[in-house]
J.: 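I have a structure here, written as structure tokens, and I will follow up with some questions on it.
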Amino acid sequence: MTPRAPLVVFLPGTHMEPDKHDLVLATAAYAGYRTIGLSYENRVSVKDACSGANPCGNDCQGLARMEAVLGTDVSSEANIERGDSVLERLYRVLEYLDANDPAGGWSSYYVPTAGNITSASIVWSQIIISGFSQGAGHAALISRKMQVHGLFIIDGGNDTCNGAAGPLPAEWTTLLPDASSGRRKYGVTHRRNEPMPYAPSATWQALGLGTSGTSLDGTGWGRSVIDTIPPMPFSYTNQSFAKPPAQCSEHTSMARDECMPANLSAAAIAATAPGSRLFAPYLRRFCYACDPGTCP
């Protein structure tokens, strides 16, 4: 099979390495993409880093995410070495793959440089950026800062700040110009038994994921058509999860191996990517994140 042109880069959640997301990575590979699960400094969550008063106006989450992504010292709440940033790690792995697999097409995704690695050193327009939990928020910020080929985030990126009347979408989601406006964007979240009708968060709406979505739990011809041609940008599930092992929860059931169920009631846990209950919806979203004008 000839790989599709864009590269999928997936960013793990807090305290997780890419090997905790093998089922999701395999799903992207099933869709026909070269796929990288990227390790980066993620031992402290942005939520915890900005757990103080966090008033609107200081853009705590945006600066913390920017430091994690670019490795520049812009946040007093984060301490990310440049070599551990998303940017530096992605450039280095592409450089390594290109050197060791020169026929693999990896040179399409980065610009070799003998000097400082900058955001211009990555060909973002050829990358579908994706992530789970904290990684989802970093992926969303990258799509805001650079024009990516597509965006697919899973149960994350819901940053808020405290306004006078209550929580508001974090500043980076509303004030930072959207460099990926018009690009394909998808987000899937867990409903967590919230009442129906279920609406996307104000933060996801600010990110361009729409004001309404579709449930992935329904069955029947009508739901399948709505979900397939093409998927709605915002979708959700209320799937259950197996109690053991201890790390499994509604949140981790969305993307963590050994927690993703094989069916809605979690009577079984998926052992392979096609065995995951969300395999087909995730596969469709990865497929549709590809611009049909440049990606057959």
Side-chain angles (χ1 to χ4, degrees), residues 7-31 33-49 64-65 68-69 78 80-81 83-90 92-94 96-97 127-142 151-158 186-190 192 216 236-237 239-263 266 268-283 285-286 289:
L7 166 71
V8 169
V9 175
F10 184 87
L11 305 178
T14 305
H15 276 294
M16 295 186 196
E17 293 297 322
D19 63 359
K20 298 298 189 291
H21 302 294
D22 283 343
L23 300 187
V24 176
L25 293 171
T27 303
Y30 267 93
Y33 302 107
R34 299 174 183 86
T35 302
I36 292 174
L38 191 70
S39 175
Y40 64 99
E41 174 56 79
N42 64 359
R43 288 176 293 177
V44 177
S45 73
V46 171
K47 180 180 179 181
D48 288 343
R65 292 194 186 280
V69 168
I80 309 296
E81 296 292 336
D84 294 330
S85 66
V86 171
L87 173 65
E88 187 97 12
R89 291 285 187 93
L90 180 56
R92 293 304 181 193
V93 74
L94 288 170
Y96 173 86
L97 289 168
I127 291 176
I128 295 172
I129 191 71
S130 182
F132 166 67
S133 192
Q134 176 170 204
H138 292 340
L141 182 135
I142 288 170
L151 171 70
F152 178 35
I153 59 175
I154 301 173
D155 214 43
N158 272 305
Y186 296 104
V188 180
T189 191
H190 197 289
R192 294 171 173 80
L216 301 177
Y236 56 90
T237 180
Q239 67 186 19
S240 185
F241 59 94
K243 292 291 184 182
Q247 70 267 18
C248 292
S249 64
E250 292 166 336
H251 179 53
T252 55
S253 78
M254 302 295 292
R256 180 168 180 150
D257 299 340
E258 300 180 351
C259 296
M260 296 182 73
N263 50 60
I269 295 300
T272 65
S276 168
R277 197 188 72 82
L278 292 178
F279 174 70
Y282 283 6
L283 186 65
R285 280 151 187 78
F286 275 122

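Worth knowing before you read on, the calculation uses all heavy atoms, side chains too, and leaves out hydrogens, waters and symmetry mates. Because the structure is predicted, anything quoted here is derived from the model rather than measured.
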J.: Spell out, as yes or no, whether a donor-acceptor pair under 3.5 Å connects the side chain of Gln239 to the backbone of Pro261.
T.: no
J.: Where is the tightest heavy-atom contact between Val69 and Ser85, given as atom of each residue plus distance?
T.: O-CB, 3.7 Å
J.: For a side-chain contact (heavy atoms from CB on, under 4.5 Å) check, start with the C-alpha distance between Ser39 and Arg89, then their side-chain angles and the critical distance, and finish with the verdict.
T.: CA-CA 7 Å; Ser39 175; Arg89 291 285 187 93; 3.3 Å; yes
J.: Would you indicate whether the side-chain heavy atoms of His15 and Arg43 approach each other to under 4.5 Å?
T.: yes
J.: Under a 4.0 Å threshold between the charged nitrogen and the carboxylate oxygen, would Arg256 count as salt-bridged to Asp155?
T.: no
J.: Measuring from atom NE2 of His190 to atom CG of Leu216, what distance do you get when rounded to the nearest 0.5 angstrom?
T.: 11.0 Å
J.: Could you walk me through whether Asn42 and His138 pass the side-chain contact (heavy atoms from CB on, under 4.5 Å) check?
T.: CA-CA 10 Å; Asn42 64 359; His138 292 340; 5.9 Å; no
J.: Return the CG to CD1 distance between Leu11 and Ile142, rounded to the nearest 0.5 Å.
T.: 5.5 Å
J.: Roughly how far, to the nearest 0.5 Å, is CG of Leu23 from CD of Glu258?
T.: 9.0 Å
J.: Stepwise, does the side-chain contact (heavy atoms from CB on, under 4.5 Å) test hold for Thr252 with Met16?
T.: CA-CA 11 Å; Thr252 55; Met16 295 186 196; 4.2 Å; yes
J.: Kindly state whether the ring of Tyr282 and the ring of Phe152 have centres lying under 6.0 angstrom apart.
T.: yes
J.: Using every non-hydrogen atom in the two residues, find where Leu278 and Thr237 come nearest and quote the distance to one decimal.
T.: CD1-CG2, 4.4 Å
J.: If every non-hydrogen atom of Ser240 is compared with every non-hydrogen atom of Ala266, which pair is closest and at what distance?
T.: C-CB, 3.7 Å
J.: For Ala31 and Leu283, which heavy atoms make the closest approach, and how far apart are they?
T.: N-CD1, 3.6 Å
J.: Write down the atom of Val24, the atom of Phe286, and the distance for their closest heavy-atom approach.
T.: O-CE1, 4.1 Å
J.: To the nearest 0.5 Å, what is the distance between CD on Glu41 and CD on Glu81?
T.: 9.0 Å
J.: Are Ile36 and Leu94 packed together at the side-chain level, in the sense that at least one heavy-atom pair is separated by less than 4.5 angstrom?
T.: yes
J.: To the nearest 0.5 Å, what is the distance between CZ on Phe10 and OH on Tyr33?
T.: 15.0 Å
J.: Within the 4.5 Å heavy-atom criterion, are Thr35 and Tyr30 side-chain neighbours or not?
T.: no
J.: In terms of ring plane angle, is the pair Phe132 and His251 parallel, tilted or perpendicular, where the classes change at 30° and 60°?
T.: parallel
J.: To the nearest 0.5 Å, tell me how far Arg285 CZ sits from Leu151 CG.
T.: 13.0 Å
J.: Taking atom types as modelled and ignoring hydrogens, do the side chains of Gln134 and Ser45 form a donor-acceptor contact shorter than 3.5 angstrom?
T.: no
J.: Just wondering, do Val86 and Val9 contact through their side chains at under 4.5 Å, heavy atoms?
T.: no
J.: Looking at every heavy atom in both Ser276 and Met260, which two are closest together, and how far apart are they?
T.: OG-CE, 3.3 Å
J.: May I have the step-by-step check of side-chain contact (heavy atoms from CB on, under 4.5 Å) for Leu97 and Arg34, ending in yes or no?
T.: CA-CA 11 Å; Leu97 289 168; Arg34 299 174 183 86; over 6 Å; no
J.: Has the side chain of Tyr40 got a donor or acceptor atom that lies under 3.5 Å from a matching backbone atom of Pro12?
T.: yes
